[in-house]
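Letters go in sequence order (proteins before strands), and every chain restarts at 1.
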There are 2 protein chains.
Amino acid sequence: MSETYTISELAREFAITTRTIRYYEDETLLSPRRKGQQRIYAEKDRVLLKLILRGKRLGFSLNESKAILSLYEPGGSNRHQLQTMLDLLRKKQASLRLRFEDIEMMQSYLLEAEERISSALADDLGNQAPNSNNQN
Amino acid sequence: MSETYTISELAREFAITTRTIRYYEDETLLSPRRKGQQRIYAEKDRVLLKLILRGKRLGFSLNESKAILSLYEPGGSNRHQLQTMLDLLRKKQASLRLRFEDIEMMQSYLLEAEERISSALADDLGNQAPNSNNQN
DNA sequence: GTTCTAGTTTACGTAAACGTAAACTAAGAT
DNA sequence: ATCTTAGTTTACGTTTACGTAAACTAGAAC
């Protein structure tokens, strides 16, 4: 028997609330098995959840993630659906590339800001010290 | 005299609405000069707006961006403020690094999905194929 | 002088993504 | 038997980041 998880185990692992997980189910992003009235999550559900959260961190809406992730579900998609999805994927890839650049620029911005703050703190601290700890 | 912009010029450039720009002002992220009752944006404001939007793409809330960006404003910060800000910067840098990884993983996911879809489309086209793409 | 054309203020509305509280269930532990 | 301890459903509330409409202003064009 393969590994299963309770809702609170997943919540703990990903540092989210059970409410969030149930919400994703409401939005039909997840559909765990049931044992009585309790939800039982399989490894597959866990992976899906992980992907959803990753998407979230990248600024994907739940609906976008849903569209992208539904590619792994069984059930036939017709050609139009597939084409639509391919287009969506291309756009998402492009936006990811842009975000990549955003990250690089923001990184350098943050690094610069950090240096300025560090030296400001140093100046403030040893209010005599000529500070020179700025080796990156 | 250095370059200035009207609100709709900026809106056009960044493909956002004027409402959005005024909203950022309400939230004290921007503070353009006035000429009569009209807003006049300087290059500095434009750069700020650009940074705000970049932050948004990276999932920063407006308040976070505001905190980070306020580093460039004049006005003294005391040591506690500076330290707090440095901590915030470190956290943001860490989260950016994680997001970097997220992007790499999502990229490969999307690429894989795209390949599967492409071949599905190809299969579908030559509609003779008995489909058997279920390799997980 | 009036008619566009931006621009402005004020204010209520809205979608997404949960938070939170209430009331209930079911399985173990004591 | 009852008391915890998850887990569940239902449903209203909340925050963020704007959308949208109404009513007003001010300069430019005719």
| message | Strictly under 4.0 angstrom, non-hydrogen atoms only: write out the protein contact profile of nucleotides 7-20 of chain D, one letter per nucleotide from the 5' end, B, S or -. | response | BBB-B-----BBBB
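Under 4.0 Å is where a charged nitrogen must lie from a carboxylate oxygen, and between B:E3 and B:R46 no such pair does. Salt bridge annotation for B:K66-B:E27: absent, with no cationic side-chain nitrogen under 4.0 angstrom from a carboxylate oxygen.
B:L29 and B:L48 get closest at one heavy-atom pair: O-CD1, 4.0 Å. Heavy atoms only, all atoms of each residue included: B:T17 and B:A11 are closest at C-CB, 4.1 Å.
Here the CG atom belonging to B:D26 is positioned 11.5 Å from the CG atom belonging to B:L62, to the nearest 0.5 angstrom.
Between the P atom of C:dC18 and the CG atom of A:L29 lies a distance of 10 Å, rounded to the nearest Å.
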